[in-house]
Structures are given as structure tokens and as C-alpha cells.
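I have placed the structure first, in the form of C-alpha cells, so that the comments after it can refer back to it.
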Amino acid sequence: MQLHSKLPDVGTTIFTVMSKMAQEFGAINLSQGYPDFEPDPVLIDRLMHHVHSGKNQYPPMTGIPELRQAVSAKLKKYSAIEVDFDSEITITSGATEALFCAISSVVCQGDKVIVFDPSYDSYGPAVTLAGGEMIHMPMTLPDYRIDWEALNRHMDDSVRMVIVNSPSNPSSSVLHPDDLDLLAEAIRPYQCTVLSDEVYEHIIFDGAAHASVLTHPELRSRSFAVFSFGKTYHVTGWKIGYCIAPAEMTREFRKIHQFNVFTTSTPMQWALADFLESNPRNYLELPNFYQAKRDLFRSLIASSRFELLPCAGTYFQLADYSQISDQKDVDFAAWMTREKKVAVIPLTPFYRHAPDTRIVRFCFAKQDETLKEAAEIINAI
């Protein structure tokens, strides 16, 4: 039997490929973006409490009210953002599911979706499955800024969605309030929505404030904003996120969500609801926590032949290896993993039309000893 693939150009993600190589060759895994340390013991305690207290059956499709209320209360207290927990917040099985549902709920056959490269690799397949067409716009190096004039030139009535990601994976750049003004100006004349991937909202450095589309009234009225508990609480394997959107957009979003996964883990939702309310210091201290790791890693490899690019947010550090090798980045990443026993991520898989650069991505969401061990190898290259 021969099947007609709906995603003929899609293979195994680069994250899976490099993590498999890291395991195969016994390399330090600075490729896939997950911590190698445990979450707060209080969160684990709350999870076990709810498992043992009978919170193990289906929760509501939209997520338990207690968790949605906790999210709403957090936004109001710390960001002065008013969100209705019942009609505008949906708990999802990870941010990836939320991104898929948001795209599927508004993008139709022939619609165009603009994305800024290098861009996270789950956007394109979701757009393709919805029948849309991806328009890839490159960001400018070395700090990976969006060319807003170029966006204006690309806008027309066929553009149904613009996807932004701040802080950005893999570029580590962030949007600022004036960027949001320019985005609003670009889409104002059109029936165009925004999908804002904000999963690294709390991992932003040097005293900068996270510029969420939810803080911009004009964008707020036409945006899906997607977040991740996994990134914030070091529990990426729990795969729990959430989406915030205006009520009308949320209704369409939930139509996709209910027939995709329907809902997500009950005891984990209860644990997160407890922890979100009782431990705000956890996410309030996260910028300093990860900035210390960024600064440590940068200082450890400052004398290497890698040229470090700016890192304004996320737990990823980009580095130019032009002084080391003229290999293409996919080949260089494989060589690093196989021969030097440090796994990294090449950047070209995040582009439609990749520039001729020599850049790889390191993940520094690791224990300090892991970073020091990796740095010794990196400095010797």
C-alpha cells in the first residue's frame, strides 16, 4: 500500500537527531533544550499529593478552573493584564499543541502565514496541514532583529497570520515594546491574526521586561499567546502549556483542541495550580537564575575559538565557529558530537533559505558542573 504523505518534506526533527547522536556517542548533550536538573521538590510533592488524593480522571476540556484562575491572577498581579479565565484561557498538552491548534483554528486553504527565520520547526508543518503557505522572512544578524519595513512589503489580504517568538528559539533575541507597535501597524489594514510564541517569557536577561502581545491593546484583540509551564518550572516532560486569546478566537481554538487531545494530565494541572499561587518567587527569580548560567557559560568559553553572539533571552547561546571549520553546520554539529563528545544544534534546519553562516546553538540549561566539563572540551577545539 502506498500512502500520499501530507508532509513529504518533513523528516525527524533536528532535536531528536542530535539527542540520539549524543546518546550514541556518549556526548554531553547541549543540543536539545531541556534542563539536566530537577524541579522544585514542593512541586513534586503537590503532584504526588493529588495523585494519591484521587485527582486521576478526566479534567474539563479547557483545563481545571483552579489552574486557569491561577494564571489569570498571576497576569493581573504582576503584569496588570486582565484575562477572563473561563473564556480566554485554555490549558493544553504542551505549547506545541497550543501552536498547532491556534494555526489550525484560523488558517485555511491558500492562506499565507509569515514567519521570521530562524524559526522554531513546528510552525511550518502545522501551517502545511492547515492548507496554508509559509512566507519565510530572514531576521538580520548578528542580533536577529525583524525587518519591519520588509514585513510591510509582504503584507496583503492573503496573509492570515504572522507568527512571532519572543524570547526566540533558536536566535535568543527578544521583542521590545516598539517592535509590538510596528507589528500592530503592519497588520492593522488586514484581517490578520498574530500567533505569539512566548514560552520563554521568564527567561529574559539584563533587566529587560518581557514584551507580551497581551500588554498591547491592539495586538491583544487579535492574538493567540502561547506559554509553557515546562520551560518555567523545569518540567519539560510534563508537556503542559496554555493559550490565551480573545473569547471569539478561543472558541475556535477549543474546537480544534477538543478533538486533538481533548484535555491534559489532571494531577499535574492541580499541582501546577497549587505551585503557581504559593511559589511566585520561582518564576520571579528565573531571569536571574538563567542569566547566571548564561554568564557562566559565556565566561567559561570566552577564550575558545567560538565567537559568541548576543543572547538576550532563552537558555540558548549561539556561537559562530568560522575560525574552527568551514564545514556546513549540520556536518560540524555531527563532528562535534561524534569526535569531541559535545552535542550542539545546527542553525540551518530553522531556515527555509539558510544564509551562508557557520553558527551552532548550545543549551546552557544544565548543572554548572556539566557546563564546566563541556567548556573544557570546547576550549580545546
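Since the model is a prediction, treat every value here as computed from it, not as a measurement.
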Check [Y] with [X], please: is the shortest side-chain N to carboxylate O separation under 4.0 Å?
X: R222; Y: E248; value: no
X: E369; Y: K372; value: yes
X: R352; Y: D117; value: no

Please check if the distance between the ring centroids of F116 and Y144 is under 6.0 Å.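 No, the ring of F116 stays outside the 6.0 Å limit from the ring of Y144, centre to centre.
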Close aromatic pair by centroid cut-off 6.0 Å: F37 and H234: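 Under 6.0 Å, so yes.
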Counting distance only, does the side-chain N/O of [X] pair as donor-acceptor with the main-chain N or O of [Y] below 3.5 Å?
X: K112; Y: G132; value: no
X: D274; Y: R46; value: no
X: D329; Y: V360; value: no
X: H154; Y: A150; value: yes

Partner residues of K255 under the salt bridge (Lys or Arg N to Asp or Glu O under 4.0 Å) criterion, sequence neighbours left out: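 Per chain and number, K255 pairs via salt bridge (Lys or Arg N to Asp or Glu O under 4.0 Å) with E252.
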Contacts of type salt bridge (Lys or Arg N to Asp or Glu O under 4.0 Å), residue D40, not counting sequence neighbours: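 With sequence neighbours excluded, D40 shows a salt bridge (Lys or Arg N to Asp or Glu O under 4.0 Å) to R281, given in chain and number order.
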For E285, does the CD atom have more than 12 heavy-atom neighbours from other residues, nucleotides or ligands under 6.0 Å away?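 Yes, the 6.0 Å shell around CD holds more than 12 heavy atoms from other groups.
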Crowding at CD, E339 (>12 non-hydrogen neighbours, <6.0 Å):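 Counting neighbours around CD of E339, more than 12 heavy atoms of other residues, nucleotides or ligands fall under 6.0 Å, so yes.
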Polar contact flag, side-chain donor to acceptor under 3.5 angstrom, [X]-[Y]:
X: T140; Y: R145; result: no
X: T215; Y: S212; result: no
X: N29; Y: S19; result: yes

For a ring-ring contact (aromatic ring centres under 6.0 Å, His included) with F15, tell me which candidate from F350, Y34, F316 qualifies.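 In the set F350, Y34, F316, the residue that makes a ring-ring contact (aromatic ring centres under 6.0 Å, His included) with F15 is F350.
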Apply the ring-ring contact (aromatic ring centres under 6.0 Å, His included) test between H202 and each candidate in Y283, Y290, F227, Y315; give the one that qualifies.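 Exactly one option meets the ring-ring contact (aromatic ring centres under 6.0 Å, His included) with H202, and it is Y283.
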If I compare all heavy atoms of K328 with all of Y321, which pair ends up nearest, and what's the gap?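 Closest approach of K328 to Y321: C-OH, 3.2 Å.
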Classify the angle between the aromatic ring planes of Y233 and F229 as parallel (below 30°), tilted (30 to 60°) or perpendicular (above 60°).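 Rings of Y233 and F229: parallel, under 30°.
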R294 charged N/C atom sitting above F364 aromatic ring, 6.0 Å / 45°: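 No, R294 and F364 do not form such a contact.
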Kindly confirm or rule out a cation-pi arrangement of K340 over F25, judged by NZ or CZ under 6.0 Å from the six-membered ring centre and within 45° of its axis?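 No cation-pi geometry.
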